[in-house]
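Note sheet for the following structure.
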Number of protein chains: 2
Amino acid sequence: MDQLTQSEENYIKAIYSLQQKTSSPVGTNDLADRMDTKASSVTDMIKRLSDKKLIQYKKYKGCELTDNGMRTALKLIRKHRLWETFLVEKLNFGWDEVHEIAEQLEHIQSLKLTDQLDKFLNYPKFDPHGDPIPDAEGEIQQREQSFKLNELAMDQSAVVIGVADSSASFLRFLDRHKINLGSSICVKEVYEFDDSREILINDELVTLSAAATSKITVQLV
Amino acid sequence: MDQLTQSEENYIKAIYSLQQKTSSPVGTNDLADRMDTKASSVTDMIKRLSDKKLIQYKKYKGCELTDNGMRTALKLIRKHRLWETFLVEKLNFGWDEVHEIAEQLEHIQSLKLTDQLDKFLNYPKFDPHGDPIPDAEGEIQQREQSFKLNELAMDQSAVVIGVADSSASFLRFLDRHKINLGSSICVKEVYEFDDSREILINDELVTLSAAATSKITVQLV
DNA sequence: CTTTATTTTTAGACAAGACTAAATCTATAA
DNA sequence: TTATAGATTTAGTCTTGTCTAAAAATAAAG
Ligand SMILES: [Mn+2]
Ligand SMILES: [Mn+2]
Ligand SMILES: [Mn+2]
Ligand SMILES: [Mn+2]
C-alpha cells in the first residue's frame, strides 16, 4: 500500500463522486470532463489505478472503485471536509473560500494529523457546506430525509441543511441573499412557467431560479 | 511570478540554509548531499531556478539566491515554522513529530491561510525548536547573543532556547533527559579528554557528549 | 443488419525531475 | 607546470502525467 500521488488521489475522489451520482461504472469521458482533462489522459491514469487495485477496469466498460479504492476515497473526503471545517471554524474563512485550499490540504499524509484535527474540532459531523464527514473508520453519518428546495410546494417550511454546489460563485450568491446553513425558509410562491420560487427568508422575500433552488438542500420542519 | 513546484521550493529552502552556513556560493555537490539526490539532478534544477531568476548561477561557480529567491525562501520558512507551532500548540504533537508534516504543509498555497494561521497562533516569534518565525514581511526577529552548550565553561548557568538539529532522534534524546526549551541548566564539569560535559538540569546530573552539547543553543543567565 | 455517430483506446510527443555513465572543468600537489 | 583528483556538467534514459491525432470498439439509427 504505497503512497499515491496527488493526481492519483484526485482521480480517486472524482471516480467516487461520479459513482455516487450514477451508480453504474464511470465512463472515461465523464471522468475526463470532471477532471478537466482529455479522455486519453484518463485512460492512462485508469490503467495505473487498476494496476494498484484501486479500481476495477475492463476496456471500453468504464471503471469502479474496489473496496480498497473506496476506503482511500473516504479517507480523502474525511480530510477534505475536516480541513474545510477547520478553516471556517478556527481561521474565520468564509464557506466560499475553503474548497480550493482543502483541495490541497487533503493530500497531506499523516494519520495522526487527521485524527488530532478531528479531535481539535470536536468530532464534527458535517462540513461548512452541510456535507457529512466520514469518521476514522470511514463511516458516514446518515441524514434524515432531505429535499432540494425546488421540490417543495407552496407554503411548505423548511431549514437549509446543505448545498449541492460548493463553487465560490454560488456560495457568494447565497451569502448575498443571507441564506446559510440553518436558515429557516418558507416557499411563498411557485411560478410554473420557469419553476422559479418566491422564498421567505429572514422576513424578506426573494425569488430564486430553479437552477438555484435545485442546489439547496433542506429538511422539512 | 508563477507557481513553483514542491521540488523547486524544497531546493530554494536548501540553498537558503546552506547559504546561511557558508555565506559563499553554494556548490552543486553540497546541495546534492542536502537534497539527498545526485549532482546531475541538481545541475538540472539549478538551471530551472536560474531561468526563473530565483538564483544567480555561473557554470562551475555555484549558486546564490537572488532577492526574489530570498523572499521565496523566507515565505516557505515562515509557513514551515507556523505549521510546526500549530501542530505542537494546538494539536498536541511532540516537537520530534512535526518536521516531516510541516515539510508537506509548507507547500500549501494561500497567503490568507498563512496570515490567518499566524493570527490564530497569536503571532508567535519562535517555533517549537526555538527557530525564529519570519513575519508577513519576511523580517526575522533577531536574538540576543546565544551560545552552544559546548561553549560554556564550568559553573556557567544558562537557559535552553533552541536546538540546532530538529531530527526526531535527537529530539527524543533530549526528551529522555527532560531537556526542553526554557530548561535551566548549569555546567558542573567539563571533561577535557572528549569535551563532554556534566550538566545539572531539573536537579539531576547528566553527562552529555560534545556531539549533543554542540546542538543545544542556550542563553546565559 | 448495416451505416453512422460516439466513446474509448492507442501511438507518438513533450515537460518535469530524477538516474547512470561519460566528458569536462578546476584546483592541488609533485 | 603538468599530472591527477575532485567537482561539475552533459548525454542519454526513465517515469509520471499530460497532449494531439488517429485507430478501434461500441452504441444508435435507419
Ligand atoms: Mn486535491
Ligand atoms: Mn465541503
Ligand atoms: Mn517541503
Ligand atoms: Mn522547526
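As a basis for the values below, the full set of heavy atoms in this structure was taken, side chains included, without hydrogen atoms, waters or symmetry mates. Sequence lines set the chain letters: A, B, ... in the order given, protein chains first and strands last, and positions in each chain run from 1.
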Among the nucleotides D/dT18, D/dT8, C/dA18, whichever has the atom closest to the side chain of A/Arg48 is D/dT18
Checking D/dT8, D/dT18, C/dG17 against the side chain of B/Thr5 (C-beta onward), the nearest is C/dG17
Just by distance, do the side chain of [X] and the backbone of [Y] share a donor-acceptor pair under 3.5 Å?
{"X": "B/Thr66", "Y": "B/Lys53", "answer": "yes"}
{"X": "B/Gln116", "Y": "A/Leu91", "answer": "yes"}
{"X": "B/Lys79", "Y": "B/Ile108", "answer": "yes"}

Check your understanding: Can a donor-acceptor pair under 3.5 Å be found between the side-chain atoms of B/Ser40 and the base atoms of C/dT20?
Key -> yes
Going by an N to O cut-off under 4.0 Å, is there a salt bridge joining [X] and [Y]?
{"X": "A/Glu106", "Y": "A/Arg81", "value": "no"}
{"X": "B/Asp115", "Y": "B/Arg78", "value": "yes"}
{"X": "B/Arg197", "Y": "B/Glu151", "value": "no"}

With a 4.0 Å limit, can you tell me whether [X] has a side-chain N or O closer than that to the phosphate oxygens OP1/OP2 of [N]?
{"X": "A/Lys59", "N": "D/dT26", "result": "no"}
{"X": "B/Ser41", "N": "C/dC19", "result": "yes"}
{"X": "B/Thr43", "N": "D/dT9", "result": "yes"}
{"X": "A/Lys61", "N": "C/dT8", "result": "no"}
{"X": "B/Lys47", "N": "D/dT9", "result": "no"}
{"X": "B/Tyr57", "N": "D/dT9", "result": "yes"}

If I take atom [atom1] in residue [X] and atom [atom2] in nucleotide [N], what distance separates them, rounded to the nearest angstrom?
{"X": "A/Met45", "N": "D/dC19", "atom1": "CE", "atom2": "C1'", "result": "14 Å"}
{"X": "A/Tyr60", "N": "C/dT6", "atom1": "OH", "atom2": "C1'", "result": "12 Å"}
{"X": "A/Asn29", "N": "C/dT6", "atom1": "CG", "atom2": "P", "result": "12 Å"}
{"X": "B/Asp44", "N": "D/dT8", "atom1": "CG", "atom2": "C1'", "result": "12 Å"}
{"X": "A/Lys38", "N": "C/dC14", "atom1": "NZ", "atom2": "P", "result": "17 Å"}
{"X": "B/Gln6", "N": "D/dG17", "atom1": "CD", "atom2": "P", "result": "13 Å"}
{"X": "A/Asp36", "N": "D/dT18", "atom1": "CG", "atom2": "P", "result": "11 Å"}
{"X": "B/Met35", "N": "C/dA18", "atom1": "CE", "atom2": "P", "result": "7 Å"}

Contact class for [X] vs. all strands (heavy atom < 4.0 Å): base, sugar-phosphate, or nothing?
{"X": "A/Gly62", "result": "nothing"}
{"X": "B/Lys58", "result": "nothing"}
{"X": "B/Thr28", "result": "sugar-phosphate"}

So, with a heavy-atom separation below 4.0 Å from DNA chain D, the residues of residues 7-20 of chain B are none
* To do: Name the orientation class of the two ring planes belonging to B/Tyr191 and B/Phe193 (parallel below 30°, tilted from 30 to 60°, perpendicular beyond 60°).
  => perpendicular
Exercise. Verify the distance criterion only: is there a donor paired with an acceptor across the side chains of B/Thr217 and B/Arg143 at less than 3.5 Å?
Key: no
